[in-house]
Amino acid sequence: MSYGQIQKNDTKKLLIYTKNGEGYVHDNIETSVTTLLKICNKLGISCEVSNQPSIFTSEAMNSFDAVFFSNTNNEAFETKLQRQAFQSFCRNGKGFGALHSASGSERDWPWYWSLLGGTFERHAPFQTFSVNVIDSSHPSTKNLKQRFEVTDECYFLKKINPDIHVLLAADLTTVNDPKLESFPSDNFYNSFPIAWYHNFEGGRQWYSSLGHSKESYALEFFQNHLEGGLKYLLQLND
């Protein structure tokens, strides 16, 4: 997949990364990338899109201020050196953003789980459910209603990093899922975090599990959510 670059200015630069390893590949990748490029164009962010893990061991990585895993899944890297280069990037004060199925990337790498905030366990059937804003002060939530409905997959992650700052939580009383009692059970009572941020080993992190359907990327609230996430990662004034 190649979308070229958006060259607006030299202030901030983002790598949008889309590699999927062997296994299920979402059909929303192109739409998610197109939406992120649109937001970057609006904000004046220079962008590059790649699905090649070799970029992480190239000199090009020095030019990026953040990397955004846009619906990656399964193995995001092919070598130990690529993983080490990614670690070094994130530890060097850079931003790491991740969307939806990116929580299913690198399922055997505990460090990645801690960076993202958890690792994918399962999701409820695609349906409409209610979401509560837990922290409305963050750029990615300040323009959202305090409670709203989404039509999406409600993701359930395990190995949750206790350091995350929860932004959005699904109201599980509105989720129809016969497996709720087995996982996540009552871990978070009647809610489950679906978007958060934190600072991890010197860098900034933001994740949202929303965005399964291609149609969701046309919604104003979701574009506002993504825009705020990018602003946080790139330290742009809101």
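Computed from a predicted model, the values in this text were never measured in an experiment.
- Counting heavy atoms from C-beta outward, Ile45 and Leu236 have side chains that approach closer than 4.5 Å.
- The aromatic rings of Phe86 and Phe96 lie perpendicular to each other, with more than 60° between the two planes, well past the 30° mark.
- Side-chain atoms of Thr151 and Thr128 form a donor-acceptor pair, as typed in the model, at a separation below 3.5 Å.
- Taking the six-membered ring where tryptophan is involved, the planes of His165 and Tyr197 are essentially parallel, since the angle between them stays under 30° and well short of 60°.
- At most 12 non-hydrogen atoms from other residues, nucleotides or ligands lie less than 6.0 angstrom from OH of Tyr189.
- Contact of the Ile29 side chain with the Lys19 side chain is not registered, since no non-hydrogen atoms from C-beta on lie closer than 4.5 Å.
- Leu172 and Phe183 fall within a single hydrophobic cluster, where Ile, Leu, Val, Met, Phe, Trp and Tyr are joined by side-chain heavy atoms under 4.5 Å apart, directly or via other members.
- Ring planes of Phe148 and Phe221: tilted class, angle from 30 to 60°.
- Between Phe64 and Phe89, the ring centre distance reaches or exceeds 6.0 Å.
- The closest side-chain heavy-atom distance from Phe69 to Leu99 is not below 4.5 Å.
- Here the rule is side chain to side chain contact (heavy atoms under 4.5 Å, CB included) with Tyr217, and of Leu36, Val33, Thr34, Leu226 only Leu226 fits it.
- Within the 4.5 Å cutoff, no side-chain heavy atoms of Val131 are placed close to those of Val133.
- Within the 4.5 Å cutoff, side-chain heavy atoms of Ile194 are placed close to those of Leu210.
- When side chains are defined from C-beta on, Phe77 does not count as touching Ser105, because their heavy atoms never get closer than 4.5 Å.
- A donor-acceptor contact shorter than 3.5 Å links the side chain of Arg107 to the backbone of Gly104.
- Under the 4.5 Å side-chain criterion, counting only non-hydrogen atoms from C-beta, Met61 is in contact with Leu15.
- No side-chain heavy atom of Pro139 sits under 4.5 Å from any side-chain heavy atom of Trp206.
- Between His198 and Phe200, the ring planes lie parallel to each other; the angle is under 30°, not in the 30° to 60° tilted range.
- A salt bridge links Arg83 to Glu75: at least one charged side-chain nitrogen sits closer than 4.0 Å to a carboxylate oxygen.
- Ring orientation note: the planes of Phe192 and Phe156 are nearly perpendicular, at an angle over 60° on the 30°/60° scale.
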